[in-house]
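Written out below as structure tokens is the structure these notes cover.
Numbers here simply count residues along the sequence, with the first being 1. In listed order, ligands and their atoms are each counted from 1. Since the structure is predicted, the reported quantities are computational estimates derived from the model, not experimental observations.
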Amino acid sequence: MTGAGRFIDDVSPADCLHLAFFRSTHARGAITQLDVETARTSPGVVAVFTGRDVVAVAPAGVNPLISGMKMASFSPLARGIVEAVGQPVAAVIGTSAEAARDAADSIVFGVDDSAGPDQVADNAAYAQRWSQGDCAEVFAKAAHVVRVDIDHARVAPMALEPRGAVAQWDEVEARLTVHLPTQAPHRARIDLASILGMPDSQIRIIAPDVGGAFGGKASIYPEDAVVAWAAKTMRRPVKWIASRSEDFLAATHGRGGRIEAALALSGDGRALGLQARLNFPLGHWMPYSSVVPGRNAGRILPGPYLIDTVEIELTGHLTNTAALGIYRGAGRPEACLVMERLMDRAAAVVNLDPLEIRRRNLISPDRLPFRSPTGVLIDAGDYPALIAKATERADYKALCRSRAKRRRRGEIVGIGTSLYIEPCGEGWESATIGLGVDGEIVLASGSSAQGQGRETAYAQIVCDVLKTQAGQVCVIHGDTARAPAGIGALASRGTPIGGSAVLVAVREFLTKATAVAAEMLNAATADIVPVNGGLALVADPAACVSWSAVAARAHAARIDVTDRLALTTAQKYQAGSEAWASGCCIALVVVDGPTGALTIEHVTWIDDAGVVVNPMLVEGQLRGGFAQGLGAVMSERLVYDTDGQLVTASLMDYAVPRAAHIPDLVIDKITVPSAANALGAKGVGEAGCIGVPAAILNAAIDALSPFGVTDLDAPLTSEKIWRALNQKHNNGGRSS
Ligand code: SMO
């Protein structure tokens with residue numbers, strides 16, 4: 001760490017005004033009073049705006065992935081009614097953040113919520129159905145049917161740096177520049193342009209160092225539009241930095257869905273049919289990817305298993321809460337948990353080892369690429385090899401022996417396993433590469449980053465092709481004025497698709513550079529190879545031209561010169577299909593009977609991310625994802641009370657894991673290159689949230705199974721485990 005990062009709160013233009021939001025204290029109802037006069041005349045206050053002032057010309061975009069979906073209303077500041085606690089109602093602009101905040105506190109606000117919860121906009125917003133074969137027939141004939149009903153706790157993406165925005169109006173260029181810590185700068189520009197009714201070309205989005213995002217910064221927000229509108233209207237720079245509580249209240253939440261599912265089995269443990277009903281909440285407005293979690297959960301089923309007959313029904317509905325959006329995993333953890341709970345239940349009824357029943361039902365490698373019953377195309381993988389490697393690395397037999405021995409001693413020990421598959425982005429990304437006058441190789445990527453180390457990985461892809469050193473390569477991203485268009489850093493697409501764009505662009509760039517070098521060395525292009533620092537003759541590496549010499553020549557001859565770069569090569573790379581990563585986890589946990597506290601003693605995790613560009617960055621992603629997966633399975637849950645108040649709106653009430661809670665991990669990999677992109681890479685960013693939580697939940701339920709416990713929902717707080725243990729123990733009642 002060098003301390004050289006520049007995050008959103010580090011952006012402080014001269015003469016900057018500061019914006020604070022007044023947010024709704026009510027979950028629903030008509031606004032009966034909104035008195036901002038005291039705020040307007042408070043010291044240091046320049047202006048106060050409400051929903052009367054800031055009007056969206058068009059709503060923010062929603063990715064129309066499901067046909068016939070109904071849109072929620074979109075309003076930068078509440079107009080007439082409020083629909084969730086924390087919804088922005090007024091914007092106070094002051095000469096300091098403190099002055100704006102103090103004044104916001106003086107706003108008098110009243111809501112008529114006498115209509116009560118019945119008035120809730122609890123509307124169905126979308127529905128989708130996937131089906132193949134005749135489930136009724138398969139279930140009627142099945143030897144066994146096992147069921148699960150899973151409540152996925154709503155959780156907070158919890159970026160280290162909360163949201164924020166700094167907008168500036170440039171009078172000379174008549175352009176709005178918005179520093180926005182976003183995962184998708186180009187999408188943010190399109191959305192802001194339509195909300196404000198401006199041409200795209202008049203808006204520049206700069207995503208500075210983004211202090212974590214995890215899906216929570218993938219979409220434009222109402223607040224972003226207010227900040228941009230205020231800067232444009234006031235012709236002064238305006239800055240807003242969210243507090244942690246504001247992020248809890250009004251940043252998008254993740255998960256929150258409920259999934260009921262049933263699996264039909266033959267007597268020897270073959271899965272014959274899957275029925276699932278998924279219901280996902282959406283909150284009171286819809287961010288760009290609001291249907292993604294539900295849609296992902298539905299279409300990923302039945303996961304890595306070969307089940308021909310499926311009937312999957314998905315619905316999404318609006319609620320009087322913060323919006324739900326994508327969060328690290330975005331439907332993948334939900335799909336994984338459903339299948340892995342079902343597999344454990346199935347193992348119990350047919351009396352098979354949990355890994356054995358999984359093995360019997362896997363899609364075999366020779367079936368890949370495989371068109372699943374929901375219609376997705378799974379490109380490449382080897383699921384039996386994942387189980388084999390996990391079994392070996394965990395020494396599964398020894399773990400099972402140790403569990404038996406410890407149980408005889410009265411310990412509460414359990415083993416859990418899981419398998420997962422993970423779609424890693426569709427569509428395109430772009431890259432532009434060129435040669436500076438001094439020989440610097442400048443790469444601009446349309447795909448951005450929020451701390452993944454993408455600059456390093458992309459530079460490596462360039463260096464691998466050009467055989468040059470990373471210091472020679474400059475990587476630009478996250479600025480709509482300097483980088484080509486892109487979709488963004490989400491859906492684990494950065495390396496598979498963004499990296500493939502870089503690869504294809506740099507190969508073409510090398511062809512152009514080779515032609516220049518061939519002319520300089522008076523040789524055929526076929527005789528030229530890249531060497532460290534430049535290009536040389538295959539037969540005589542000493543006959544070499546440096547990149548700066550190539551640059552001088554290419555600039556003098558004005559070959560493909562744009563923006564002071566020569567040999568400029570632009571690529572828009574379209575992935576052939578989605579890359580599907582996969583993995584297998586085995587966990588061993590022990591429960592302390594008197595307190596219900598759960599300790600994770602062992603985790604083995606095998607991931608297949610296809611071709612790996614930078615193993616260290618990949619491991620960082622896996623471990624970071626694991627920490628968030630651990631939070632979800634062990635301690636995190638956002639709770640609204642019946643009045644729609646968020647009672648977990650601070651880090652005093654919402655329990656994220658601390659460093660001391662992170663167990664040792666045995667991480668290993670298999671490598672089956674993706675067939676879906678040029679690089680052969682699959683994603684890793686979300687993997688940690690997907691498989692390990694399911695293995696830990698299965699392990700906890702296995703640990704409690706001798707006490708008659710058959711089910712538990714995450715998070716596995718010690719209270720919940722203690723209750724399950726004692727209710728069973730003492731009165732034979734059902735666990736809660
Ligand atoms: S949840 Mo990710 O940023 O697609």
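A salt bridge between K239 and D9 is present, with a side-chain N of the basic residue lying under 4.0 Å from a carboxylate O of the acidic one. Salt bridge absent: E578 and R493 never bring a charged side-chain N and a carboxylate O closer than 4.0 Å. The pair R277-E260 meets the salt-bridge criterion, since a charged nitrogen lies less than 4.0 angstrom from a carboxylate oxygen. Taking a cutoff of 4.0 Å between a charged side-chain nitrogen and a carboxylate oxygen, D151 and R637 qualify as a salt bridge.
At a 3.5 angstrom cut-off on N or O pairs, A330 does not count as close to ligand 1. Any N or O atom pair closer than 3.5 Å counts here, and A489 shares no such pair with ligand 1.
Not a single heavy atom of A218 sits closer than 4.0 Å to an atom of ligand 1. Remark: distances from the non-hydrogen atoms of R493 to ligand 1 are all 4.0 Å or more.
The structure places OH of Y383 at 9.5 Å from CG of L419, a figure rounded to the nearest 0.5 Å.
When each atom of ligand 1 is checked for a heavy atom of G215 under 4.0 Å away, the hits are 1 (S), 3 (O). Close approach of ligand 1 to F214 (heavy-atom distance below 4.0 Å) involves ligand atoms 1 (S), 3 (O). Taking every heavy atom of Q183 and a limit of under 4.0 angstrom, the matching atoms of ligand 1 come to 3 (O). In the vicinity of Y327, heavy-atom distances shorter than 4.0 Å reach the ligand 1 atoms 1 (S). Heavy-atom contacts of L490 reach the following atoms of ligand 1: 3 (O), 4 (O) (cutoff under 4.0 Å).
Summary of contacts: the protein heavy atom closest to atom 1 (S) of ligand 1 is R328 N, 3.1 Å. For atom 4 (O) of ligand 1, the nearest non-hydrogen atom of the protein is A491 N, 2.6 Å.
Using a 30° and 60° split on the angle between ring planes, W240 and F21 fall in the perpendicular class, above 60°. Below 30°, between 30° and 60°, or above 60°: for F248 and Y654 the angle between ring planes is above 60°, a perpendicular geometry.
Checked by atom type, the side-chain pair T374/S372 shows a donor-acceptor distance below 3.5 Å.
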